[in-house]
Structure formats: structure tokens, C-alpha cells
Amino acid sequence: MHRRSHSGVKLYPDTECGKAFIRHAELTQHRGLHSKEEPYNCKRCGKDFSQKAGLFQHLKIHTGEKPHQCNKCGRCFSQRSVLTKHQSLQAGREPFECVYCGKAFCHGTDLAAHKQFHSKEKPYECDKCGKTFRQRSNLTEHQQIHSKEKLYECKVCGKAFTQYAGLNQHRRIHTGEKPFESPVCGRAFSRSSELIIHHRIHSGEKPYECVECGKTFRVNSTLIIHQRSHTGEKPYKCEECGDAFSQHSGLNKHKLGGKHGDPPKPRKYTCDECGKTFTQVTGLRNHRRFHTGDKTYQCPECGKAFTRGGHLIEHQGIHNKEKPYQCKECGKAFSQKTGLSHHLTIHTGEKPFECSECGQAFSCKSNLNKHKRVHSEEKSYKCEECGKAYRQRATLIQHQRGHIVPGPSNRVNEVEPTVEAQP
């Protein structure tokens, strides 16, 4: 039986789909995908599984167990497959190289998925509406839009789906399951598409290019929004006054402005730690990292970690010696366009960021955020020596000089703040 793993002989075919397996046990396990029977039930959240192995893997979400540890860096993972991929990245074992851009991958399946970004061919066409797709699976998923039949119902909330995959994905809202784990930083996601997009932060890959100006993007939706700056398209229209916007967020902001009577009360998401509220759940999620100290975005060059992907991207410009953005006034060059934009305000005197409380204006948004703490009671910078908190990092550093470390150098014990300042 062991020799078959080397020879590739697969003696056990599935009569349903034709897929073949080396071992009979693997065939039995695979057949559970075709069967709707799910005899294995999770007692914590009620989720059902067709296989016992699926239930064991799922239980790690509730226990937080990550039994697979990397012997080089000590990072732990919930799945052995993710650990294997992580170790391949560390060892530089990426034998599958893209002939178009040179990017290498640990697995052939990852390379095949990557090649789709280079190919403009979409051979799979929907016979109902004519829309084309690069992959057959995407076409199959799309065709369910034209079908009204929804066979798969969620036992928790009753929502129905046309595909089992849709139901399976929906269940993760109730269970909190995040089975797709990054082998680089260990961050987990509920959807494979979210993991693919996240990986581009580590790789720097931007596969979506604007044909007008050449600017590249990580996500196709961002490219679509960007292209409207060239076409002038504004698909989001206000029903009250007819004003149009290029982004849905612009329309929402317009409606909340109170131009058409009393604005609707925005939904509020409250932080359990400090009581601060946010209008979007993403804002709350980002804010929570300041309490937990979670820094999931790590620079592959120097190892420095950040709470946000945007901060990592900005930091990576330090390692990049190329500075293509040059100021026409004084000749100073920058590695990023945002750096040039901030610099130009020195010459123009422009201060576009205004405080809503007192009207004071600033050239940088970061300076406005610092200023806002004067009006707020929030004190994000805490001294680890005595527990006293401050609104600004500079004030904390000045305070820390009072905690002198004994010794010939008479150095100041400047402890890093336990909580980062909110951007």
C-alpha cells in the first residue's frame, strides 16, 4: 500500500464523480461529500459534520488548540497542512514558479490559481445571461443566481441557500469558525478568498492593473472604483435630490449629512474595554487591537509587526530604495505617493484636515488625530512602571524620565506604551 504513494496508482474510484484514491479509507471519507447525512454533531454550537475528522478539526475553534508547532520560530497552527506550508516558506522551498512574473509557490494548485490573474481568457460562459468566467466552479456558483430553488437551510436562523457551499460558509457566522489560516502570520479567515487577498499584503502582489494609468491594486473591486475616476461614472444616486456618487460610501455619507431632513441614526458598535463606539464593525475590529496588542501584519524584511496592513505597506517603503515620486518645488523624492502628497502641503500651506470640535486645521490627518485627544478623555499611552496614562506618546516619554534606572549610565527606563495610539 505504501508503494502506491510513490507510484501514484489509485485503485479506488468514486462512482459518483470519478475521482480515484490510493486507499479505500480515503474513498470512504470522500463519499461523505456526496451524502447529505451529517451524523457528527458539535455539542457547543450545534454544527453537524459528515465525517468524524471534520468534527475534531472544528472543535479546535472552541478550545483554541494549535497543536502543530514550527520547530524554528515556535509559531503554532491548528492544522498540519498550514504548518507544512509555513515551513516551506521558511526554507525557501517554492518549486512552482510562474513563467509570467517569476513568483514562486509551495504547491502547484496555488500556481494554477495565480496564473488566472495573468490570463484574460474566460472560457466558461453562462447560457442564461452571457457572463463569462475563468473557472468552471465560478460559473457553477453564478448559475445558482438564475435558479430560485434553495434546498439548503440554516438550522440556527432559517436562512436558505441554493448551494451547500453557501450554507457551509454562512454557518461560520454562528460558529465563529475561521478555517483558512495564513502560514506567514497565523491570522485566520472564514473565507478562502479573504485569505488570498490577505496574502497579497505579505507578497506585495497587485494583480489588478488599470489600463488607463497603469496603477495596480490587490483587489478587483478597488480597481473598479478607481476606474470611475477616469470614466466619471457615478452609479450611486440619491433618490431625494438626484446627486450621484462614484462609491456607495459617498452616498451613505451624503444621506447622513442631514440634507434631507433628520439623518438616520447610524448603527453603533461599542468596544467592551473602553466603551468607544464605531459606525462600522471594521472600525471596532481595528480599534480592539490597541487593547490586545495584536500585530498580525509582519514585515518579511526586518520582522517588525503592525496592527494594520496599511501601516505595514507604508513601513515597507523604508526598505525600498526606489523613490519614483519627486517634488517639483524642491526636488525631494519619496518612495510612496502619500509621502509626496503630505510633503506638498509644506509648499502650498494647505491644511485640509479640520477639527470638528474647535475648527483648528492641520496638514496631516495623523496630526488631527493627535489633536482630537485634547477634546477626548481617551488616554492610550500607559506607563508600565506606575500605571499612569497619557493622551500623547511624547508626554508619556517625558513622564518616564522620572523612572531612572540605577547604574553608571544613569539611563532612563523608557518603556514602550502598552497600547498603541489610535490612527
Side-chain angles (χ1 to χ4, degrees), residues 1-2 4-6 8 19 21-23 25-26 28-30 32-33 40 42 44-45 47 49-98 103-114 165 168-169 171-172 175-205 218 289 292-307 309 312:
M1 186 179 286
H2 170 73
R4 290 180 201 147
S5 63
H6 299 293
K19 193 173 181 180
F21 299 88
I22 296 168
R23 299 182 181 185
E26 291 172 346
T28 305
Q29 187 175 352
H30 167 78
L33 299 175
Y40 302 101
C42 175
R44 293 204 180 187
C45 65
K47 189 174 181 181
F49 296 86
S50 58
Q51 296 167 8
K52 199 173 185 179
L55 173 60
F56 283 151
Q57 186 65 45
H58 165 79
L59 287 172
K60 291 173 187 173
I61 296 161
H62 300 299
T63 62
E65 184 187 2
K66 292 185 176 182
H68 307 287
Q69 187 175 20
C70 176
N71 54 13
K72 283 194 175 181
C73 68
R75 183 168 280 160
C76 297
F77 300 91
S78 59
Q79 298 179 41
R80 183 181 291 278
S81 59
V82 181
L83 170 62
T84 304
K85 195 168 185 179
H86 166 78
Q87 288 172 329
S88 297
L89 290 169
Q90 280 194 327
R93 294 194 302 269
E94 296 175 311
F96 301 96
E97 189 173 330
C98 176
K103 190 176 181 185
F105 298 86
C106 301
H107 304 290
T109 51
D110 294 337
L111 173 60
H114 166 78
N168 208 23
Q169 191 167 285
R171 280 172 170 169
R172 292 172 192 147
T175 64
E177 184 181 6
K178 294 182 178 180
F180 304 101
E181 197 170 342
S182 169
V184 180
C185 66
R187 191 177 176 189
F189 300 87
S190 59
R191 297 183 181 187
S192 60
S193 58
E194 292 172 342
L195 175 60
I196 291 166
I197 292 167
H198 168 78
H199 269 319
R200 292 176 192 149
I201 293 168
H202 299 298
S203 66
E205 184 186 8
R218 288 189 183 86
R289 294 188 191 130
T292 62
D294 184 25
K295 295 182 178 181
T296 55
Y297 301 97
Q298 190 172 13
C299 176
E301 291 284 330
C302 65
K304 191 173 181 181
F306 301 87
T307 55
L312 170 61

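When the side-chain contact (heavy atoms from CB on, under 4.5 Å) test is applied to Arg172, the partners found at least two apart in sequence or on another chain are Asn168, Gln169, Thr175, Glu177, Pro179, Phe180, Ser190.
The structure places CG of Leu195 at 10.5 Å from CZ of Arg200, a figure rounded to the nearest 0.5 Å. The line from CZ of Arg191 to CD1 of Ile196 is 12.5 Å long, rounded to the nearest 0.5 Å. Taken to the nearest 0.5 Å, the NE2 atom of His199 stands 12.5 Å off from the CD atom of Glu194.
For the pair Leu83 and His68, the tightest heavy-atom approach, listed with the atom from each and the gap, is CD2-CB, 3.7 Å.
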